[in-house]
Protein chains: 2
Amino acid sequence: MTPMEIALREAKDAAARGEVPVGAVVTDAAGNVLAVAGNEVEAGGDASAHAEMLALRRAAKALGTKYMLDCTLSVTLEPCAMCAGAIAAFRVKRLVFGAYDAKSGAVEHGARVFMQATTHHKPEVIGGVEEVAAGEMLRAFFEGRRG
Amino acid sequence: MTPMEIALREAKDAAARGEVPVGAVVTDAAGNVLAVAGNEVEAGGDASAHAEMLALRRAAKALGTKYMLDCTLSVTLEPCAMCAGAIAAFRVKRLVFGAYDAKSGAVEHGARVFMQATTHHKPEVIGGVEEVAAGEMLRAFFEGRRG
């Protein structure tokens with residue numbers, strides 16, 4: 001499985017738990033999986049428990065280091081301001097994301113965190129990977145909620 | 001003690017542990033302290049362990065709810081993009097901060113998270129409270145490091 005396929009599987013598992021279906025995975029330079037996570041906002045009553053935050057914290061623990069200069073974070077949705085800020089804080093080398101998020105995204109929309117002179121780190125960014133699969137999962141989830 | 005005095009005490013304790021001296025406190029509508037935190041980045045090897053993130057997560061746990069529509073977060077330094085995003089995610093009613101941070105701040109500088117149409121929530125913001133005390137603590141810490 002590619003990292004994004006793993007992230008999509010995490011997103012699907014999150015949906016099954018009643019969470020917004022977003023999944024994330026951190027891989028090292030060799031492609032080894034360091035950590036995976038799906039959203040856990042509802043499970044923990046923790047509005048900050050986005051998949052990216054959890055995967056980054058778990059990867060830091062696995063690595064025993066607070067910086068991830070050789071790592072890639074793959075996530076099914078464009079990160080929000082909080083998660084983009086965390087990506088900069090953890091000095092993640094590369095961000096790969098699936099669906100673009102015009103409503104809450106802060107990489108290509110809104111706060112555009114990495115485009116600010118104040119960002120402490122600017123990762124390589126690749127957006128739109130498995131965009132359709134990631135976006136469809138989110139749409140199905142929110143349509144199901146409204147139904 | 002005022003909430004900012006409590007946050008300053010947390011910042012001082014953080015400095016004594018070798019952490020960047022930033023402290024935070026979450027209070028409810030009646031002024032009761034729900035959670036306090038200082039930076040724990042070095043202690044946990046966790047680049048996301050900013051005082052604000054920890055105080056917000058602890059307060060959510062104390063409240064048993066993911067939203068803090070009646071709460072105030074008081075923090076000694078202008079929040080970064082990650083922490084500003086978390087403040088929006090937790091729907092914090094009011095943000096009170098001490099020193100302005102032209103280098104990393106994302107409230108009045110850089111990403112200006114709450115001024116974006118994409119923010120899910122816009123707290124009331126009061127900056128510059130005990131600004132001198134908070135700023136002096138940070139300056140002394142970084143000067144000590146360089147010395």
Side-chain angles (χ1 to χ4, degrees), chain A residues 19-20 39-50 52-69 71 78-92 100-121, chain B residues 19-20 39-50 52-69 71 78-92 100-121:
Chain A
E19 302 278 353
V20 174
N39 266 11
E40 295 183 15
V41 168
E42 305 306 329
D46 175 357
S48 75
H50 287 189
E52 302 96 307
M53 296 296 295
L54 300 175
L56 288 168
R57 291 217 304 274
R58 289 171 190 168
K61 191 162 278 186
L63 284 167
T65 159
K66 65 180 175 176
Y67 292 147
M68 303 185 198
L69 294 160
C71 296
E78 180 184 345
C80 72
M82 174 181 70
C83 293
I87 288 162
F90 279 108
R91 310 286 193 271
V92 176
Y100 288 83
D101 187 357
K103 188 167 160 280
S104 317
V107 176
E108 304 291 349
H109 300 90
R112 291 178 171 78
V113 170
F114 307 130
M115 296 180 196
Q116 306 297 337
T118 47
T119 190
H120 284 202
H121 173 75
Chain B
E19 303 279 353
V20 174
N39 265 11
E40 295 184 15
V41 169
E42 306 305 330
D46 176 357
S48 74
H50 287 189
E52 302 96 307
M53 295 296 296
L54 300 175
L56 288 168
R57 290 217 304 272
R58 288 171 191 169
K61 192 162 279 185
L63 284 167
T65 158
K66 64 179 177 177
Y67 293 146
M68 303 185 198
L69 294 160
C71 296
E78 180 185 345
C80 71
M82 174 180 69
C83 293
I87 289 162
F90 279 108
R91 311 285 194 269
V92 176
Y100 287 84
D101 187 356
K103 190 168 159 280
S104 318
V107 176
E108 304 291 349
H109 300 90
R112 291 177 170 79
V113 169
F114 306 130
M115 296 181 196
Q116 306 298 336
T118 48
T119 191
H120 284 203
H121 174 75

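Computed from a prediction, not measured in an experiment: that's the story for all the values here. So that the names make sense, note that chain A is the first sequence line, chain B the second, and so on, each numbered from 1.
For B:Thr65, the part sitting under 4.5 Å from any heavy atom of chain A is the backbone (N, CA, C, O) and nothing else. Neither the backbone nor the side chain of B:Ala49 has a heavy atom closer than 4.5 Å to any heavy atom of chain A. For A:Ala106, no part lies near chain B; criterion is any non-hydrogen pair under 4.5 Å.
For the residue pair A:Val113 and B:Ala111, the shortest heavy atom distance occurs at CG2-CB, 4.4 Å. Of all heavy-atom pairs spanning A:Ala47 and B:Phe90, the tightest one is N-CE2, 3.4 Å.
Note on B:Asp101, B:Thr119, B:Thr118: by heavy-atom pairs under 4.5 Å with chain A, the leading option is B:Thr118.
Taking CD of B:Gln116 as the reference point, atom NE2 of A:His109 lies at 12.0 Å (rounded to 0.5 Å).
Residues of residues 78-89 of chain A lying under 4.5 angstrom from chain B, judged on non-hydrogen atoms, are A:Ala81, A:Met82, A:Gly85, A:Ala86, A:Ala89 in numerical order. By a heavy-atom distance cut of under 4.5 Å, A:Met53, A:Arg57, A:Ala60 are the residues of residues 53-61 of chain A near chain B, going up by number.
A:Lys66 pairs in a salt bridge (charged side-chain N to carboxylate O under 4.0 Å, His left out) with only one of the listed residues (B:Glu19, B:Glu40, B:Glu42), which is B:Glu42.
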